[in-house]
Amino acid sequence: MDFGSQIKKLRTSRKMTQEQLAQKLNVSRQTISSWENNRNLPDLEMVVMIAKTFKLSLDQLILGDPTMTTKLMNDSSEVRKMRINLYVTIIMVLAGMGSFLLFKIIGSSLDGNGVLHEPFFLIPVGYLFLMMGLISGLIYLLKKLRKRN
């Protein structure tokens with residue numbers, strides 16, 4: 001049985017309307033309809049709320065439907081990837097700012113022969129890290145926006 005049929009069967013067996021179930025779950029009636037017609041699937045937090053509403057275990061609610069199990073596993077994997085992307089962004093930006101700060105701390109000096117010594121390589125390295133952080137951050141935001149739609 002697919003998840004939509006399962007939700008509909010649970011709802012009708014308890015003589016609930018879509019509107020009543022929607023109120024219990026704090027969603028719209030159209031959302032319930034889209035689940036029952038398999039146009040969309042609820043997220044993990046909503047699945048837990050559905051299981052509590054019908055007093056079922058998550059195994060009973062989810063494992064009967066292989067598409068739901070696959071969706072939940074894919075969602076978990078996506079969240080993990082997005083977290084890694086966010087961490088990479090933060091690390092890159094901090095490394096870039098650290099490069100500029102290190103350049104200021106080390107400073108420049110003239111030796112006895114009049115040769116200037118400075119860690120000039122830290123400037124392009126800092127810009128490189130900042131650019132990579134910016135790109136990584138944009139990728140993160142685009143993925144997050146795409147996930148919402």
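Here the structure is a predicted model, which is why all the values come from computation and not from measurement. Below, all heavy atoms of this structure are taken into account, side chains as well, without hydrogens, waters or symmetry copies.
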Quick check on the hydrophobic clustering: are [X] and [Y] connected, directly or via other members, by side-chain heavy-atom contacts under 4.5 Å?
X	Y	result
Met131	Leu94	no
Ile90	Ile135	no
Val48	Trp35	yes
Tyr127	Leu102	yes
Phe121	Phe100	yes

Euclidean distance, [Y] [atom2] relative to [X] [atom1], rounded to 0.5 Å:
X	Y	atom1	atom2	value
Ile32	Leu21	CD1	CG	4.0 Å
Glu36	Ser5	CD	OG	9.0 Å
Leu56	Leu10	CG	CG	5.5 Å
Gln23	Ser28	CD	OG	11.5 Å
Asn40	Gln30	CG	CD	12.0 Å

Do any N or O atoms from the side chain of [X] and from the backbone of [Y] form a donor-acceptor pair under 3.5 angstrom?
X	Y	value
Gln20	Thr17	yes
Asp111	Asn113	yes
Thr89	Gly137	yes
Arg14	Phe54	yes
Arg29	Gln18	no
Asn85	Lys81	no
Ser136	Met132	no

Please report the C-alpha distance between Ser33 and Arg39 in whole Å, then the side-chain angles of each, then the deciding distance to 0.1 Å, and finally whether the side-chain contact (heavy atoms from CB on, under 4.5 Å) criterion is met.
-> CA-CA 9 Å; Ser33 176; Arg39 287 189 303 261; 3.5 Å; yes
Do the two ring centres, one from Phe103 and one from Phe120, sit under 6.0 Å apart?
-> no
Can you confirm whether [X] sits close enough to [Y] that some side-chain heavy atom of one is under 4.5 Å from a side-chain heavy atom of the other?
X	Y	answer
Phe129	Met97	no
Met49	Pro42	no
Leu25	Ile50	yes
Leu130	Met92	no

For Gly126 and Ser99, which heavy atoms make the closest approach, and how far apart are they?
->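 Heavy-atom minimum between the residues: CA-CB, 3.6 Å.
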When you check the side-chain N and O atoms of Ser34 and Thr31, is any donor under 3.5 Å from an acceptor?
->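 No.
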CA sep, side-chain torsions, deciding dist, call: Val27, Met46, side-chain contact (heavy atoms from CB on, under 4.5 Å) = CA-CA 10 Å; Val27 296; Met46 189 55 63; 3.5 Å; yes
